[in-house]
Amino acid sequence: MRLGEIGEFGLIGRIAGKVAAGAGVRLGIGDDAAVTETEAGRLLLSTADMLVEGIHFDLSFTDPFRLGRKSLAVNVSDIAAMGGHPRHALLCLAIPADLPVEFLDRFADGVISLAEEFGVTLIGGDTCRSSSGLVISITLHGEQIPARIIPRSGARPGDDLFVTGTVGDSALGLELLRRGERSGHAVERHLNPTPRVSAGLSLAESGMASAMIDVSDGVLADLGHILTGSGVGARIDASLIPLSPYFSQRAPDVAPAPLSLALTGGEDYELLFTAAPGRTAQVETLLAASGVTATRIGAIVAGSDVTVTAADGSLIPPERRGFNHFAP
């Protein structure tokens with residue numbers, strides 16, 4: 001079935017029919033605007049992400065269901081990085097006229113699957129025709145008590161630097177997809193990431209994290225945002241970077257510098273955060289209860305520079321600092 005057969009409102013109706021009622025939604029899909037409410041004493045968190053075919057995703061690499069999940073996951077990860085509860089999403093699509101309705105049905109199934117997993121309700125959006133590929137834009141609202149919101153700007157010299165899970169898997173997965181592989185741990189990490197909502201909430205509720213960001217553009221690039229916001233520098237111990245067994249086995253086959261891939265590859269959607277010194281055991285225990293590991297990978301220092309050192313203390317120059325949309 002083609003879009004021309006059902007039209008814009010037919011497509012919206014198909015998506016709306018998949019959406020269940022959600023907490024805080026007074027009026028959802030179907031009016032000129034949605035009506036929602038936050039819990040008393042909480043602030044609204046808002047984030048938006050755009051995914052463009054040929055830039056952010058390749059339809060020869062992914063299926064529509066996982067594309068739908070990932071499209072929302074990148075927004076949910078932003079709310080997790082603030083220590084917030086994700087709540088309400090707006091989905092906007094610019095769609096090529098020849099894209100089958102069945103593709104969009106499976107895409108919507110993926111969005112709603114991820115939404116239900118993390119307590120998010122789709123409350124509206126927009127559709128239009130695209131003459132140059134599929135474009136996906138999602139705006140997500142979340143909420144949190146003011147004192148629990150974790151910004152990027154709270155890191156101080158002496159704080160320890162942590163990251164959840166493992167890094168580099170998504171970048172490795174992308175390289176493997178480009179080489180023709182379509183399955184495996186790293187490919188799944190790239191196509192179907194898991195935002196660390198429970199970990200972010202645990203850090204927010206405990207008050208342990210002084211600054212936090214999600215790893216979307218790469219450890220070094222995203223650390224740079226914390227350092228700029230906080231007016232500090234950092235020292236990273238390369239021997240502490242958490243790598244999955246799969247990454248350690250496969251990365252040397254596809255990357256001349258696996259460590260650089262782990263430090264600069266994006267889309268792991270782990271949480272990178274700082275905490276007061278001497279609390280490593282507490283942080284590890286706290287996040288283990290959320291089902292993820294936390295690894296101390298360095299420390300915050302005075303100044304503005306970032307240094308990466310090997311186990312013997314020698315400096316390691318990274319090849320690049322992470323993804324940049326507008327780099328030549």
Side-chain angles (χ1 to χ4, degrees), residues 45 47 49 70 72-86 114 117-120 140 142-144 148-156 159-171 189-190 192-230 232 234 236 240-244 247 262-276 279-300 306 322-323:
L45 306 173
T47 184
D49 275 287
K70 184 172 182 177
L72 181 57
V74 301
N75 293 80
V76 172
S77 183
D78 285 334
I79 299 297
M82 301 292 290
H85 296 267
L114 196 286
E117 193 172 323
F118 291 97
V120 174
L140 180 65
E143 61 185 35
Q144 184 52 282
R148 292 180 179 175
I149 294 172
I150 306 172
R152 301 175 179 181
S153 56
R156 299 291 178 264
D159 282 356
D160 285 326
L161 178 65
F162 295 86
V163 69
T164 61
T166 58
V167 295
D169 292 313
S170 180
R189 283 289 306 270
H190 180 74
N192 191 16
T194 300
R196 303 302 190 185
V197 174
S198 293
L201 288 170
S202 293
L203 288 166
E205 291 163 4
S206 70
M208 285 191 190
S210 51
M212 189 156 65
I213 193 170
D214 68 328
V215 181
S216 56
D217 294 328
V219 170
L220 289 181
D222 291 312
L223 174 60
H225 297 311
I226 288 180
L227 304 185
T228 298
S230 301
V232 293
I236 295 176
L240 300 179
I241 299 299
L243 307 174
S244 70
F247 182 95
L263 287 173
T264 63
E267 298 193 274
D268 283 311
Y269 298 106
E270 298 291 351
L271 296 178
L272 183 70
F273 62 96
T274 58
R279 307 186 76 177
T280 298
Q282 291 173 274
V283 169
E284 291 174 346
T285 300
L286 176 74
L287 293 193
S290 299
V292 299
T293 58
T295 303
R296 181 189 175 278
I297 62 170
I300 300 300
V306 179
F323 182 74

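Heavy-atom basis, side chains included; hydrogens, waters and symmetry copies ignored. Treat the numbers as computed from the prediction; the structure is a model and nothing was measured.
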With sequence neighbours left out, write down each residue that passes ring-ring contact (aromatic ring centres under 6.0 Å, His included) with F162, or none if nothing qualifies. F273
For P86 and V120, which heavy atoms make the closest approach, and how far apart are they? CB-CG2, 3.7 Å
Quick one: does any side-chain atom of D268 pair with a main-chain N or O of S170 as donor and acceptor, under 3.5 Å? yes
By side-chain contact (heavy atoms from CB on, under 4.5 Å), which residues pair with S244, not counting sequence neighbours? T166, D169, H185, Y246, F247
Check the pair I236, L223 against side chain to side chain contact (heavy atoms under 4.5 Å, CB included), reporting the backbone distance first and the verdict last. CA-CA 10 Å; I236 295 176; L223 174 60; 3.7 Å; yes
If you look only at distance, which donor and acceptor atoms sit under 3.5 Å apart when one is on a side chain in residues 75-83 and the other is two or more places apart or in another chain?
{"unit_1": "N75", "atom_1": "ND2", "unit_2": "I138", "atom_2": "O", "d": "2.8"}
{"unit_1": "S77", "atom_1": "OG", "unit_2": "D214", "atom_2": "OD2", "d": "2.7"}
{"unit_1": "D78", "atom_1": "OD2", "unit_2": "T47", "atom_2": "OG1", "d": "3.0"}

To the closest 0.5 Å, what do you measure between CD1 (I297) and CD1 (I241)? 4.0 Å
For residues V292 and A199, report the shortest heavy-atom separation together with the two atoms involved. CG2-CB, 3.9 Å
Roughly how far, to the nearest 0.5 Å, is the CZ atom of F118 from the NE2 atom of H85? 13.5 Å
Evaluate the criterion side chain to side chain contact (heavy atoms under 4.5 Å, CB included) for residue pair H225 and T228; output intermediate values, then yes/no. CA-CA 5 Å; H225 297 311; T228 298; 5.8 Å; no
Can you tell me how far apart CG (L140) and CG (L72) are? Round to the nearest 0.5 Å. 6.0 Å
Under the side-chain hydrogen bond (donor to acceptor under 3.5 Å, both in side chains) test, which residues partner Q144, sequence neighbours left out? none
Side chain to side chain, V163 and P242, heavy atoms closer than 4.5 Å: yes
D160: salt bridge (Lys or Arg N to Asp or Glu O under 4.0 Å) partners, not counting sequence neighbours: R296
Pairs flagged by salt bridge (charged side-chain N to carboxylate O under 4.0 Å, His left out) wherever residues 279-293 is involved - sequence neighbours left out: none
With sequence neighbours excluded, what pairs up with V232 under the side-chain contact (heavy atoms from CB on, under 4.5 Å) test? A155, P157, L227, S230, I300
Going by the rule side-chain contact (heavy atoms from CB on, under 4.5 Å), which residues pair with N192 if we only count those two or more places apart in sequence or in a different chain? R66, R69, E188
Minimum heavy-atom separation for G265 to A171, with atom names? CA-CB, 3.6 Å
Inter- and intrachain pairs under salt bridge (charged side-chain N to carboxylate O under 4.0 Å, His left out), touching residues 194-204, at least two apart: R196-E270
Anything under 3.5 Å between a donor and an acceptor, one on a side chain of residues 203-213, the other on a protein residue two or more places apart or in another chain? List them.
{"unit_1": "S206", "atom_1": "OG", "unit_2": "S202", "atom_2": "O", "d": "3.1"}
{"unit_1": "S206", "atom_1": "OG", "unit_2": "L203", "atom_2": "O", "d": "3.1"}
{"unit_1": "S206", "atom_1": "OG", "unit_2": "M208", "atom_2": "N", "d": "3.2"}
{"unit_1": "S210", "atom_1": "OG", "unit_2": "D159", "atom_2": "OD2", "d": "2.9"}
{"unit_1": "S210", "atom_1": "OG", "unit_2": "T274", "atom_2": "O", "d": "3.3"}
{"unit_1": "S210", "atom_1": "OG", "unit_2": "T274", "atom_2": "OG1", "d": "2.6"}

